[in-house]
Number of protein chains: 2
Amino acid sequence: MKFSAPKRTIELRQTNRQAILRLLMLGGPMSRLELGQKTGLSMGTITNVTGPLLEAGILRETGTEESEGGRPRSILGINPLYGYLIGVDVGENHIQLELFNLSLEKLGTVRRRLHSQENLPEVYITEIASGLDELCAATGVLQEKILGMGIGVPGVVEHDGQVNVAAPMWAWNSIGFLAMIERQISLPVYIDNGAKAMALAEFWFGAGRGAQDVVVALIGTGIGAGVITKGELYRGATNSAGEWGHTKIVLDGRPCRCGSQGCIEAYAGAPGILASLHELNGTAMVDGEQFNQITKLVEDCRNGDEDSRQALQRTARYLGAGIANLANLFNPERVVLGGWVGLMIGETIMPNLKEYVRQYALPPSSARLEIMLCQFGQDAICTGAACLVIEEFLSANQKFSRRVAG
Amino acid sequence: MKFSAPKRTIELRQTNRQAILRLLMLGGPMSRLELGQKTGLSMGTITNVTGPLLEAGILRETGTEESEGGRPRSILGINPLYGYLIGVDVGENHIQLELFNLSLEKLGTVRRRLHSQENLPEVYITEIASGLDELCAATGVLQEKILGMGIGVPGVVEHDGQVNVAAPMWAWNSIGFLAMIERQISLPVYIDNGAKAMALAEFWFGAGRGAQDVVVALIGTGIGAGVITKGELYRGATNSAGEWGHTKIVLDGRPCRCGSQGCIEAYAGAPGILASLHELNGTAMVDGEQFNQITKLVEDCRNGDEDSRQALQRTARYLGAGIANLANLFNPERVVLGGWVGLMIGETIMPNLKEYVRQYALPPSSARLEIMLCQFGQDAICTGAACLVIEEFLSANQKFSRRVAG
DNA sequence: AAACCTTATTTTAAGATATAAAATAATCAA
DNA sequence: TTGATTATTTTATATCTTAAAATAAGGTTT
């Protein structure tokens with residue numbers, strides 16, 4: 001999406017082509033007339049831009065629409081069959097691949113559990129490669145038709161000359177993951193932090209739709225955030241912006257697995273929530289499936305268990321403070337709560353959460369702030385990863401044969 | 001600076017004119033050749049763009065430069081006499097006005113103390129209006145030659161339909177300050193938060209120069225921040241982004257004057273620092289001149305007083321945690337420390353501060369992070385306020401007579 | 001001093017783009 | 001079939017940028 005301001009006439013065409021493609025991608029099929037109104041471009045320009053895109057097969061006419069009495073409007077839309085996208089969600093103990101068409105319809109899924117022993121990059125890469133083959137075989141989509149693969153990883157993806165991945169819990173320390181995977185897979189690969197990918201998905205097609213400034217909070221075992229400003233992902237200097245999980249909300253507070261203390265992750269991540277519960281009921285922490293434990297916690301709360309209720313209320317308070325900090329600093333118009341923990345506890349804690357955010361954030365930042373749950377569930381990161389490919393597709397300046405009039 | 005991507009050919013010229021003016025404003029006078037190299041534009045375009053600007057008197061030729069053997073290069077620069085700028089710093093108990101020429105050279109200053117009783121907007125507006133007259137009289141600059149007045153205020157300036165100012169300590173609650181002052185002063189007025197103004201000054205002409213992603217931390221009685229990304233001020237949805245002062249670093253910690261608890265302002269603002277000192281030496285807080293008390297604290301520390309040393313060390317730790325949070329979330333390449341407290345304690349705490357930031361921030365965000373002191377002292381906010389006017393001046397699409405060749 | 005060399009800047013000519021207005025296309029209704 | 005109406009394309013024109021040619025402004029050589 002990066003695109004320096006056009007200076008030459010030829011760059012105008014690229015800008016306008018992007019605007020039109022983006023509009024059709026996000027706003028669905030529409031007539032040339034509507035494209036003209038929404039982009040502010042003249043009808044002649046719409047014709048000139050869409051013509052070559054139709055010829056190239058990127059757009060297609062999907063039908064017609066009643067006009068106000070005269071010639072009916074023909075409807076243009078992205079051609080879903082022009083190409084396909086792969087989105088990969090690399091999690092702490094699973095990987096998931098999904099295949100989408102250009103309309104971002106999901107055509108297939110492969111999900112595999114991995115164990116924390118297998119945290120070598122090579123293992124992930126092998127699994128991704130074989131998952132890709134499986135996905136193509138199952139759906140009959142040829143690899144040549146795939147425009148690219150996006151990968152969301154649970155770590156910091158540094159853009160710093162080359163692309164490095166830092167994932168402390170795997171002891172990945174600035175690993176050239178992108179370079180490694182490009183040796184195995186003959187597809188354009190784009191890689192980014194999972195929260196950023198998810199933010200993209202929610203912003204384009206989910207709960208963030210229509211807004212321009214959105215923060216997507218990812219609450220799982222770990223915690224992260226993706227920030228969208230002026231309709232674009234906020235990356236910062238080296239793409240490590242939005243690392244909310246290890247910001248301190250209680251200096252000298254609970255120890256965090258990062259080695260520091262008082263991080264929001266230590267309070268509102270899955271282990272943190274369970275820690276709050278065990279503080280309350282006096283029992284010892286149990287190892288094992290966080291997923292089941294959190295599920296049980298929410299269920300117990302619904303059934304009226306006081307300790308569970310309080311554990312969730314505390315979580316709402318910690319999260320409220322953390323989100324208030326985000327609201328003060330980023331001033332979004334909307335905060336979207338996601339991640340598997342977010343999905344699980346979201347509905348239950350939402351009233352409390354909103355109240356705490358109002359209490360902790362400054363009025364100008366919280367007055368109009370909407371807080372809502374994410375719309376993509378398990379697929380959020382895969383979908384977002386596919387969006388990384390779409391971004392590239394939209395901003396790529398493919399060569400188009402010039403339309404010859406007459 | 002807001003400028004939607006050019007769509008029509010005529011907008012190309014505006015974009016390129018802006019690029020050239022900005023380059024000359026920030027990078028100083030240079031030859032047409034250099035302008036062409038730095039903007040990537042052809043020499044013909046440089047001629048076409050600069051011609052009308054020279055005719056209009058916005059640019060001027062300031063001399064020549066040795067070429068590499070042939071015709072010498074003539075040097076173009078902003079004409080400082082084309083117009084003047086007023087920057088106003090509205091503080092908690094003073095106002096300061098400065099007059100600049102277009103090269104941002106300071107031509108005059110007026111500073112007045114106000115008392116907290118006089119916190120009605122009308123009082124400020126009257127003082128600003130009379131200060132403006134005084135400044136013009138003292139320097140002999142005609143009001144017609146003033147391009148505009150920028151004002152930095154210690155509160156949230158909401159852009160939400162109209163421009164409102166919220167300054168809790170004055171019980172200003174979304175006051176239409178801009179509309180009020182425009183009735184008194186016949187000059188274009190631009191108003192923004194003081195920290196944002198200061199960030200602009202440091203970014204353009206001070207310690208942030210050359211960087212693209214900078215956070216400027218303003219430490220005074222209160223605390224604020226201005227965030228620059230991709231070379232532009234980060235404003236968020238309603239211009240209240242960067243409200244760092246009341247983000248929580250110690251949930252349930254010290255009470256803050258905002259009514260909440262644990263805000264960084266309660267630890268690292270002037271009263272917070274003094275509170276740390278009194279916690280240490282067991283004496284009671286004294287009302288009165290914070291400025292003198294902080295001065296004494298720093299002096300005592302230099303003279304080896306242990307309580308003072310520890311108070312500053314604690315301050316460095318709180319500030320370090322707060323800046324680490326900013327680094328994790330915004331991932332700037334540089335953090336600039338300013339404000340009167342920042343200036344006063346900055347040098348002393350810097351080594352400690354850097355260490356704490358490294359300790360609390362994630363390595364990808366802190367590894368390349370530079371922390372430095374601001375370069376504008378007392379004048380930072382006035383200078384930044386004047387920059388608000390420059391931004392408007394640069395992006396305004398003045399009509400220029402078309403250059404007629406031959 | 002005139003001729004020549006070199007580099008900077010301006011002018012010219014060509015190519016690309018956008019828009020407004022005119023022309024054409026596609027539908028419905030009489 | 002003819003009109004009426006609205007959508008889309010084509011045409012004509014105005015801008016803009018650039019590359020290349022021309023000119024300007026110095027120094028150096030003869």
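Convention: sequence-line order gives letters A, B, ...; per-chain numbering from 1.
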Round to the nearest Å and state the distance from A:M43 atom CE to D:dT10 atom P.
-> 12 Å
Report the residue (A:T45 or B:E34) whose heavy-atom-nearest nucleotide on DNA chain C is the more 5′ of the two.
-> B:E34
Counting only N and O atoms by type, is there a donor-acceptor contact under 3.5 Å from the side chain of B:N331 to the main-chain atoms of A:S240?
-> yes
Closer than 4.0 Å, any side-chain N/O of B:N48 to the OP1 or OP2 of C:dT10?
-> no
Flag the pair A:L24 / A:M30 as yes when at least one side-chain heavy-atom distance between them is below 4.5 Å, and no otherwise.
-> yes
Nearest-Å distance for atom pair CZ/P, residues A:R13 and C:dG15 | 17 Å
For the side chain of B:L12, counting heavy atoms from C-beta on, which of D:dT17, C:dT9, C:dA16 is nearest?
-> D:dT17
Winner on side-chain proximity to A:T47, out of D:dT8, C:dT19, C:dG15, is D:dT8
State whether A:R8 places a side-chain N or O below 4.0 Å from either non-bridging phosphate oxygen (OP1 or OP2) of D:dT18.
-> yes
Candidate list A:E202, A:E370, A:Q212, test side-chain hydrogen bond (donor to acceptor under 3.5 Å, both in side chains), partner A:R334, passing option | A:E370
Can a side chain N or O of B:S42 be found less than 4.0 Å away from OP1 or OP2 on D:dT18?
-> yes
How long is the line joining CD of B:E11 and P of C:dT19, in whole Å?
-> 9 Å
Using heavy atoms to find the nearest nucleotide of DNA chain D for A:E61 and B:V49 separately, return the residue whose nucleotide is more 5′.
-> A:E61
Name the closest nucleotide to the A:L33 side chain, picking from D:dG26, C:dA26, D:dA7.
-> D:dA7
Nucleotide D:dT17, atom P - distance to CG of B:N16 in whole Å = 5 Å
Roughly how many Å is it from CZ in B:R71 to C1' in C:dC4, rounded to a whole number?
-> 18 Å
Rounded to the nearest Å, what distance is computed from the CD1 atom of residue A:I10 to the C1' atom of nucleotide C:dA18?
-> 14 Å
Separation of B:L41 atom CG from C:dT10 atom P, in whole Å?
-> 15 Å
Establish, from distance only, whether the side-chain atoms of A:D192 and A:N239 form a donor-acceptor pair under 3.5 Å.
-> yes
Checking all strands, does A:T64 fall into the base, sugar-phosphate, or nothing category for heavy-atom contacts under 4.0 angstrom?
-> nothing
Is there side-chain contact between B:W204 and B:I390, with heavy atoms separated by less than 4.5 Å?
-> yes
Please give, in whole Å, the distance from D:dC16 C1' to B:R17 CZ?
-> 12 Å
Look at the side chain of A:R73 and decide which nucleotide, out of C:dA16, D:dA7, D:dT9, has an atom nearest to it.
-> D:dA7
